[in-house]
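A short worksheet on the structure shown next.
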Amino acid sequence: MRLVIFGPPGAGKGTQARLLEERRGITQISTGDILRAALEEETPLGQKAKSYVESGELVPDELVRKLAEQAIADEGYDDFVLDGYPRTQQQAEWLTKFLEEHEAPLDAVVSLEVPDEVLVRRLSRRRIHDETGETYHLDHNPPPDDVDPDLIVQRSDDEPETVRNRLAVYREETEPLASYYERQDALVSVDGVGNIEEVFQRIERVLGASERPA
Ligand code: AP5
């Protein structure tokens, strides 16, 4: 399947995309994860993206497009879930055209619906494993006891002020894409409130309905 998982910061896109990868064998393509790895390794891309990611602004379309293009090509244009891409009208239009050129249209854009107060709580309590990138939540999905607590860190863009900016950027630049995909009849909305497994089961139900014939 070819999917986009869509929603505001903290909606659970990464969590659900990783479950889709584990259970359905659909590769997660997270532009945020790729950018954070580039920052960590101080590659030329990381150096260009650093100030944007750390302040919660969007990295310029041109830089992120190359990442998406490469990652989708690496998957042979099939069996991927885009997490965090597209985020602007320009990115969405490019993606539609690119996938059309490869006769690989999206099967669905899964939109996770979560109110702001829940998003802020999730982001303030999120923690990341510094080496593996595994995501935890101090209340709902705590790190296992055998994990070294010194390796459990907070993402720098999860500071309250940066979270406010990321939510504002989402409302301004990304949320309007819901109507774009609605017009393409690709958008499926899923209630993102509930535990991780409940949300996953809701996604499974809507994907069952969008499954392509073999
Ligand atoms: P990115 O990494 O994509 O961040 P984001 O979209 O802001 O999303 P998050 O990763 O914060 O949240 P999520 O929805 O994945 O939630 P998660 O599953 O972790 O992007 C970071 C930055 O990179 C951007 O700000 C930008 O600078 C740049 N960037 C990336 N893509 C770009 C693009 N296309 N164009 C331009 N710039 C780009 O869950 C959050 C927390 O909640 C976790 O602790 C989790 O354990 C917990 N949780 C999840 N689900 C549940 C549940 N059901 N119940 C309880 N807790 C839950």
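Every number for a ligand or one of its atoms is a count from 1 in the order of the listing. Side-chain atoms are counted along with the backbone in the values below, which use heavy atoms only and exclude waters and symmetry mates.
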Closest protein heavy atom to atom 11 (O) of ligand 1, given as residue, atom name and distance to 0.1 Å: Arg166 NH2, 2.5 Å

Does the distance from a Lys or Arg side-chain N to an Asp or Glu carboxylate O, for Lys97 and Glu101, drop under 4.0 Å? yes

Check if Pro86 has a non-hydrogen atom at a distance under 4.0 Å from any atom of ligand 1. no

By number and element, which atoms of ligand 1 are closer than 4.0 Å to a non-hydrogen atom of Asn195? 53 (N)

4.5 Å side-chain heavy-atom contact, Leu45 and Leu63: yes

Please identify which atoms of ligand 1 are closer than 4.0 Å to at least one heavy atom of Tyr136. 43 (C), 44 (O), 46 (O)

Applying a 4.0 Å heavy-atom criterion (strictly less than), which segment of Leu35 is in contact with ligand 1: side chain, backbone, both, or neither? side chain

Ionic contact status for Arg125 with Asp158, cut-off 4.0 Å: no

At the 4.0 Å heavy-atom cut-off, does Arg36 count as touching ligand 1? yes

Among Arg127, Glu134, Arg122, Lys13, closest by heavy atom to atom 41 (C) of ligand 1 is Arg122

Counting non-hydrogen protein atoms only, what is the nearest one to atom 37 (N) of ligand 1? Give residue, atom name and distance. Val59 N, 3.0 Å

Counting heavy atoms not belonging to Gln47, are there more than 12 under 6.0 Å from its CD? yes

Could you tell me, atom by atom, which parts of ligand 1 come under 4.0 Å of a heavy atom of Gln91? 33 (C), 34 (N), 35 (N), 36 (C)

Specify the protein heavy atom at minimum distance from atom 20 (O) of ligand 1: its residue, its atom name, and the distance to 0.1 Å. Arg87 NH2, 3.5 Å

Following the transitive rule for hydrophobic clusters with a side-chain heavy-atom cut-off under 4.5 Å over Ile, Leu, Val, Met, Phe, Trp and Tyr, establish whether Val4 and Ile34 coincide in one cluster. yes

Quick note on ligand 1: atoms under 4.0 Å from a heavy atom of Thr31 include exactly 30 (C), 31 (N), 32 (C), 34 (N)

Linking I/L/V/M/F/W/Y whenever any side-chain heavy atoms sit under 4.5 Å apart, do Val169 and Leu35 land together? no

From His137, Glu173, Glu57, Glu198 - option closest to atom 47 (C) of ligand 1 by heavy atom: His137

Does the pair Glu40/Arg36 count as a salt bridge with the N-to-O cut at 4.0 Å? no

Thinking salt bridges, do Arg171 and Asp116 make one under a 4.0 Å N-O criterion? yes

Any donor-acceptor N/O pair, Thr174 side chain to Arg87 backbone, under 3.5 Å: yes

Pairing of Arg166 and Glu172 as salt bridge, 4.0 angstrom limit: no

If the contact criterion is a heavy-atom separation under 4.0 Å, does Asp158 count as touching ligand 1? no

For atom 34 (N) of ligand 1, what's the nearest protein heavy-atom neighbour? Residue, atom name and distance, please. Gly84 O, 2.9 Å

Using the six-membered ring wherever Trp is involved, compare the ring planes of Tyr85 and Trp94 and label them parallel, tilted or perpendicular (cut-offs 30° and 60°). perpendicular

Return a yes/no value for Thr135: is any of its N or O atoms, backbone included, closer than 3.5 angstrom to an N or O of ligand 1? no

If only atom types and distance count, is the side chain of Glu204 paired as donor or acceptor with the main-chain N or O of Phe200 below 3.5 Å? no

Would one find an N or O of Val64, backbone or side chain, under 3.5 Å from an N or O of ligand 1? no

For ligand 1, find out whether one of its N or O atoms is nearer than 3.5 Å to an N or O atom of Gly7. no

With a 3.5 Å distance limit and no angle check, can you tell me whether Glu198 reaches the backbone of Asn195 through a side-chain donor-acceptor pair? yes

Taking only Lys NZ, Arg NE, NH1 and NH2, and the carboxylate oxygens of Asp or Glu, determine whether Arg18 and Glu21 approach each other closer than 4.0 Å. no

With a 4.0 Å cut-off on heavy atoms, is Arg125 in contact with ligand 1? no

Under 4.0 Å from a heavy atom of Leu123: which atoms of ligand 1 are those, numbered in the order shown and with their elements? 11 (O)

Nearest-contact summary for atom 15 (O) of ligand 1 - protein heavy atom, Å: Gly14 N, 2.8 Å

Please report the C-alpha distance between Glu103 and Arg2 in whole Å, then the side-chain angles of each, then the deciding distance to 0.1 Å, and finally whether the salt bridge (Lys or Arg N to Asp or Glu O under 4.0 Å) criterion is met. CA-CA 12 Å; Glu103 297 178 3; Arg2 293 179 288 269; over 6 Å; no

Pick one of side chain, backbone, both or neither for how Tyr170 approaches ligand 1, counting any non-hydrogen atom pair under 4.0 Å. neither

How does Leu58 reach ligand 1, if at all, at less than 4.0 Å between non-hydrogen atoms: by side chain, backbone, both, or neither? both

Going through the distances and angles, do Leu3 and Ile26 end up as a side chain to side chain contact (heavy atoms under 4.5 Å, CB included)? CA-CA 9 Å; Leu3 303 174; Ile26 304 172; 4.1 Å; yes

Would you mind telling me if ligand 1 is within reach of the side chain of Val169, the backbone, both or neither, using heavy atoms under 4.0 Å? neither

State the atoms of ligand 1, each with its element, that fall below the 4.0 Å cut-off from a heavy-atom position in Ile196. 50 (N), 51 (C), 52 (C), 53 (N)

For Pro8, counting its heavy atoms only, list the atoms of ligand 1 lying under 4.0 Å from any of them. 14 (O)

Using a 3.5 Å distance criterion without hydrogens, assess whether the side chain of Gln16 forms a donor-acceptor pair with backbone atoms of Ile196. yes

Report the nearest protein non-hydrogen atom to atom 19 (O) of ligand 1: residue, atom name, distance rounded to 0.1 Å. Arg126 NH1, 2.6 Å

Quick one: does Gly10 get a heavy atom under 4.0 Å from ligand 1? yes

Should the proximity of His140 to ligand 1, defined as any heavy atom under 4.0 Å, be assigned to the side chain, the backbone, both, or neither? side chain

Going by heavy-atom distance to atom 16 (O) of ligand 1, choose the closest among Gly12, Ser124, Gly32, Ser30. Gly12

Of all protein heavy atoms, the one nearest atom 53 (N) of ligand 1 is Gly194 O, 2.8 Å

So do the side chains of Leu39 and Glu54 get within less than 4.5 Å of each other, counting heavy atoms only? yes

min-distance protein heavy atom vs atom 49 (C) of ligand 1 -> Thr15 OG1, 3.5 Å

